[in-house]
Amino acid sequence: MPIAADTDQTTGVLYVVSTPIGNLEDITLRALRVLKEVDLIAAEDTRHTRRLLTHYDIHTPFTSYFEGNHIRKGEKLIARLKAGDSIALVSDAGTPTISDPGYRLVVQCIETNIPTVSIPGPSACIAAASIAGLPLHNFAFEGFLSPKSGKRRRRLTDLRDETRTLIFYESPYRLIRFLEDVLEILGNRRVVVARELTKKFEELFRGTASEAIEKFQTTTPRGEFTIVIAGKESKS
Ligand code: SAM
């Protein structure tokens with residue numbers, strides 16, 4: 001079903017569709033329309049996506065596309081796109097390809113001249129940054145650092161002189177170790193820890209790295225976390 005602006009094309013279109021990071025109301029009207037109109041939805045986790053589709057009474061067929069099956073599945077998806085089907089790519093939450101699968105599919109589309117269209121919407125990094133209260137004329141999104149201490153610390157060392165605001169994703173199990181490394185390597189900077197944004201237990205902590213460590217040592221970190229950290233103060 002050709003639903004892109006360019007209706008002359010014979011191939012389908014890959015729509016990269018952002019979905020909520022928690023609150024199901026955070027989805028655009030366009031995203032809902034595209035999810036209804038495409039021939040197939042390629043989802044990181046089909047159980048997760050089924051919940052979203054059921055909520056919005058969307059009956060489009062869906063299939064899985066995740067890190068473990070991306071080679072075999074990618075080829076199948078490209079074959080369908082070439083044959084004229086349009087596909088919506090969604091991840092579990094937020095914007096596909098941002099610390100999520102999908103990048104390779106976008107590259108395959110570029111290589112095979114299949115149009116890609118972004119259906120923008122939520123992303124945890126932007127949601128957290130927007131309320132952090134730290135400068136955002138420019139920023140550096142670092143995603144997840146390595147779970148390996150040595151690698152993580154090396155990356156933080158590389159970032160020591162970065163003056164842009166830094167944004168990280170981190171698992172609740174490693175949050176304290178991450179903050180301890182931040183304190184030791186970057187110093188006692190301003191830190192904003194955004195927890196469970198848009199969800200029932202949404203919480204925003206603003207303080208210094210050492211205050212954040214103290215807080216999360218007394219209340220066990222649970223849920224999903226995005227951390228925004230002030231860049232190095234520039235001398236000018
Ligand atoms: N593609 C997604 C996006 O655009 O937001 C990010 C996917 S990444 C695999 C998932 C990570 O994003 C989580 O581990 C957490 O660090 C962060 N995250 C996702 N939802 C969040 C939320 N509601 N509040 C805070 N951080 C969140």
Side-chain angles (χ1 to χ4, degrees), residues 14-28 30-31 34-35 41-49 51-52 55 64-70 88-107 116-134 136 139-148 152 155-156 159 165-179 181-182 191-207 212 215-216 219-229:
L14 179 74
Y15 294 91
V16 178
V17 180
S18 298
T19 58
I21 57 168
N23 189 322
L24 290 183
E25 289 179 9
D26 293 332
I27 188 158
T28 68
R30 189 169 171 228
V34 167
L35 290 175
I41 298 171
E44 181 185 7
D45 181 334
T46 50
R47 284 167 306 175
H48 195 100
T49 299
R51 244 175 282 141
L52 178 73
H55 184 85
S64 66
Y65 178 81
F66 53 90
E67 213 50 49
N69 76 353
H70 72 270
L89 174 71
V90 298
S91 59
D92 284 359
T95 301
T97 76
I98 308 295
S99 298
D100 259 341
Y103 164 75
R104 290 185 191 87
L105 191 59
V106 171
V107 171
T116 50
V117 172
S118 167
I119 309 295
S123 187
C125 58
I126 300 299
S130 70
I131 49 172
L134 292 169
L136 289 169
F139 56 85
F141 171 62
E142 284 289 317
F144 292 98
L145 295 192
S146 173
K148 294 194 180 123
R152 183 173 64 240
R155 184 65 196 145
L156 285 171
L159 291 167
T165 293
L166 304 166
I167 306 175
F168 300 89
Y169 290 153
E170 189 50 282
S171 113
Y173 312 107
R174 283 189 288 273
L175 181 71
I176 294 173
R177 267 175 282 159
F178 168 79
L179 290 169
D181 287 344
V182 166
V191 161
V192 179
V193 183
R195 169 181 175 244
E196 294 282 272
L197 287 172
T198 80
K199 301 188 202 175
K200 189 173 172 190
F201 297 108
E202 173 166 357
E203 189 184 12
L204 198 68
F205 171 87
R206 292 192 186 94
K215 176 191 160 52
F216 289 105
T219 46
T220 308
R222 283 188 222 288
E224 300 201 275
F225 288 87
T226 299
I227 303 101
V228 189
I229 300 179

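Values in this document were obtained by computation on a predicted structure and should not be read as measured data. Atoms within each ligand, like the ligands themselves, are counted from 1 in listed order. Basis for what follows: all heavy atoms, side chains included, without hydrogens, waters or symmetry-related copies.
Near K199, the atoms of ligand 1 lying under 4.0 angstrom from a non-hydrogen atom of the residue are 23 (N). Short contacts between ligand 1 and E170, defined as distances under 4.0 Å to a heavy atom of the residue, involve ligand atoms 16 (O). For ligand 1 and D100, the ligand atoms under 4.0 Å from any heavy atom of the residue are 1 (N), 2 (C), 6 (C), 7 (C), 9 (C). For ligand 1, the atoms sitting less than 4.0 Å from at least one non-hydrogen atom of T95 are 1 (N), 3 (C), 4 (O), numbered in the order shown with element in parentheses.
The backbone N or O of G121 sits nowhere less than 3.5 Å from a side-chain atom of T28 that would complete a donor-acceptor pair. R222 places no side-chain N or O within 3.5 Å of a backbone atom of P172 that could act as its donor or acceptor partner. Of the possible polar contacts, none joining the E170 side chain to the L175 backbone as a donor-acceptor pair under 3.5 Å is found.
Aromatic ring centres of F168 and F225 lie farther apart than the 6.0 Å criterion allows. You'll find the ring centres of F178 and F216 outside the 6.0 Å limit.
With respect to atom 9 (C) of ligand 1, the closest heavy atom belonging to the protein is S99 O, 3.1 Å. When hydrogens are left out, the protein atom nearest atom 2 (C) of ligand 1 is A93 O, 3.2 Å; that is the closest non-hydrogen contact. For atom 15 (C) of ligand 1, the closest non-hydrogen atom on the protein side is F225 O, 3.3 Å. Scanning all protein heavy atoms for the shortest distance to atom 13 (C) of ligand 1 gives E224 OE2, 3.4 Å.
E67 CD: more than 12 foreign heavy atoms inside a 6.0 Å radius. Counting heavy-atom neighbours within 6.0 Å of F144 CZ, excluding the residue itself, gives a total above 12.
Taking 4.0 Å as the cut-off, T198 does not count as a neighbour of ligand 1 on heavy-atom distance.
For L197, heavy-atom contacts with ligand 1 shorter than 4.0 Å involve the backbone as well as the side chain. Under 4.0 Å from ligand 1, the heavy atoms of A194 that appear belong solely to its backbone. With a heavy-atom cut-off of 4.0 Å, A128 does not touch ligand 1 at all. Residue-level proximity to ligand 1 for E196 is carried by the backbone, the only part with a heavy atom below 4.0 angstrom. Of the heavy atoms in F144, only side-chain atoms (C-beta onward) come closer than 4.0 Å to ligand 1.
Taking any N or O of Y169, backbone or side chain, at least one lies under 3.5 Å from an N or O belonging to ligand 1. Ligand 1 has a nitrogen or oxygen under 3.5 angstrom from a nitrogen or oxygen of T226. For ligand 1, the polar-atom distance check against I98 finds a nitrogen or oxygen pair separated by under 3.5 Å.
By heavy-atom distance, the residue among G223, G94, A124, G121 lying nearest atom 5 (O) of ligand 1 is A124. In this structure, of G143, G102, S123, the residue bringing a heavy atom nearest to atom 4 (O) of ligand 1 is S123.
To the nearest 0.5 Å, atoms OG1 (T219) and CD (E203) are separated by 6.5 Å.
Here the options are L134, V193, I131, the test is side chain to side chain contact (heavy atoms under 4.5 Å, CB included), and the partner is V228; only L134 passes.
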